> 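Below: one structure in structure tokens.
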Number of protein chains: 2
Amino acid sequence: MICNHYNFVKMDKIGAYLSKHEIKPSLQRLKIFEFLYNNKNHPTVDSIYTALSPAIPTLSKTTVYNTLKLFISKGIIRSIHIEDHEVRYDADTIPHGHFKCIGCGGLFDFPFDHHLQLQTNLAGFQITEEHFYLKGYCKLCGAN
Amino acid sequence: MICNHYNFVKMDKIGAYLSKHEIKPSLQRLKIFEFLYNNKNHPTVDSIYTALSPAIPTLSKTTVYNTLKLFISKGIIRSIHIEDHEVRYDADTIPHGHFKCIGCGGLFDFPFDHHLQLQTNLAGFQITEEHFYLKGYCKLCGAN
DNA sequence: TGTTCATTTGTAGTCATTACAAAATTACTT
DNA sequence: AAGTAATTTTGTAATGACTACAAATGAACA
Ligand SMILES: [Mn+2]
Ligand SMILES: [Mn+2]
Ligand SMILES: [Zn+2]
Ligand SMILES: [Zn+2]
């Protein structure tokens, strides 16, 4: 159920990855990206902030917002908008689908062939992003 | 480019449509659904409110919010969350794709075969909704 | 060390949405 | 038709996620 498109070996590789994308690897940026990389359940701003606060006691929620916005502008993470009241983040930028469970709130990855859909009447349109997601009940929450 | 999945002939048919879905057809509800039905550009709460205010001078934005929420709970419209700062609404509930132009902000329909994707590793998951959308530049905004 | 620049932080402000209760409208009963 | 109850609409206040902004901190460099 989990996509593994990238292959960092160690924490210190993340610094090089950020640098390669013109992002100076400060402590906060390293930790935030590391958290996103290790937690493939698509965290929210709040869950990132709550998780990192103990390790970085001075961390500000504004920094989390700013850093995620920076990451998005550099193209190394994506934001996921499924519910109107929550934004979730994903360090996996290779196109894949998402399943949102309306029971437990879990957000799961699944692969899909993103070239199947393009045989549609969008001639002359320039596509830069594609998003595909499902909603329903996951295996554990199955309503029955 | 526009999907036409439903076939109301006249305004007064909308009352029956609402009733069939356990929605008492008040003036506000009729007008709001009619507007959504006639404007397939996926309006926002604000554009609905602004458009209907002249005809219904007493209209409250709260009523627009409440009515849209009611329509969604009864399953006759859908909300579309693509950007984090705007929610758009669609009276067409039959699965179809959306193309969001990052130039002009336009949101266009396109058909797609929603059964193509389901050959994926989601065994045991109950799917209740599927959403597929693209972002990029429309024919008019084409960046070149 | 001193100077400059980039990053982080806390606070104040914004804005879309919601909660809530009063007002208005509709439905029902006598 | 008048009275009563239920539903719907409306306006205002409150909420809460996100942003703007400027001070504080920290890194880079001479
Ligand atoms: Mn993902
Ligand atoms: Mn549509
Ligand atoms: Zn679940
Ligand atoms: Zn356009």
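Model, not experiment: these values are computed from the prediction. Both backbone and side-chain heavy atoms feed into the values below; hydrogens, waters and symmetry mates do not. All chains are named by letter (A, B, ...) in the order of the sequence lines, taking the proteins before the strands, and each is independently numbered beginning at 1.
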> Can you tell me how far the CD1 atom of A:I14 sits from the CD1 atom of A:I23, to the nearest 0.5 Å?
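One gets 12.0 Å once the value is rounded to the nearest 0.5 Å.
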> Side-chain N or O of A:K69 less than 4.0 angstrom from OP1 or OP2 on D:dT19?
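Checking A:K69 against D:dT19: at least one side-chain N or O falls below 4.0 Å of OP1 or OP2.
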> Does the ring centre of A:F33 sit less than 6.0 Å away from the ring centre of A:Y17?
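Centroid distance A:Y17-A:F33: below 6.0 Å, so yes.
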> Measure from the ring center of B:F108 to the ring center of A:F125 and say whether it is less than 6.0 Å.
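So the answer is yes for these two rings.
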> Round to the nearest Å and state the distance from A:D46 atom CG to D:dA17 atom P.
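Going from CG in A:D46 over to P in D:dA17 covers 6 Å.
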> How many Å lie between CD on A:E83 and P on C:dT17, as a whole number?
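Spelled out: CD on A:E83 to P on C:dT17 is 14 Å.
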> Just to verify, which of B:I32, B:V87, B:T63 counts as forming a side chain to side chain contact (heavy atoms under 4.5 Å, CB included) with B:L68?
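The passing option is B:I32.
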> Measure from OH on A:Y65 to P on C:dG13 and round the result to the nearest Å.
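To the nearest whole Å, that distance equals 19 Å.
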> When the distance from CD of B:E86 to P of C:dC15 is rounded to whole Å, what number comes out?
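Result: 16 Å.
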> State which residues pass salt bridge (Lys or Arg N to Asp or Glu O under 4.0 Å) with B:K100; sequence neighbours excluded, sorted by chain then number.
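For B:K100 the salt bridge (Lys or Arg N to Asp or Glu O under 4.0 Å) partners, ignoring immediate neighbours, are B:E83, B:E86.
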> Rounded to the Å, how far apart are A:D84 CG and C:dT17 P?
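Going from A:D84 (CG) to C:dT17 (P), I get 7 Å.
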> Do A:K40 and A:Y37 meet the cation-pi criteria used here (NZ or CZ under 6.0 Å from the six-membered ring centre, within 45° of the axis)?
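Yes - A:K40 lies over the ring of A:Y37, closer than 6.0 Å to its centre and within 45° of its axis.
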> Could you run through nucleotides 5-11 of chain D and give me one letter per nucleotide, 5' to 3': B if any protein heavy atom sits under 4.0 Å from the base, S if only the sugar-phosphate is that close, - if neither?
--SSSBB
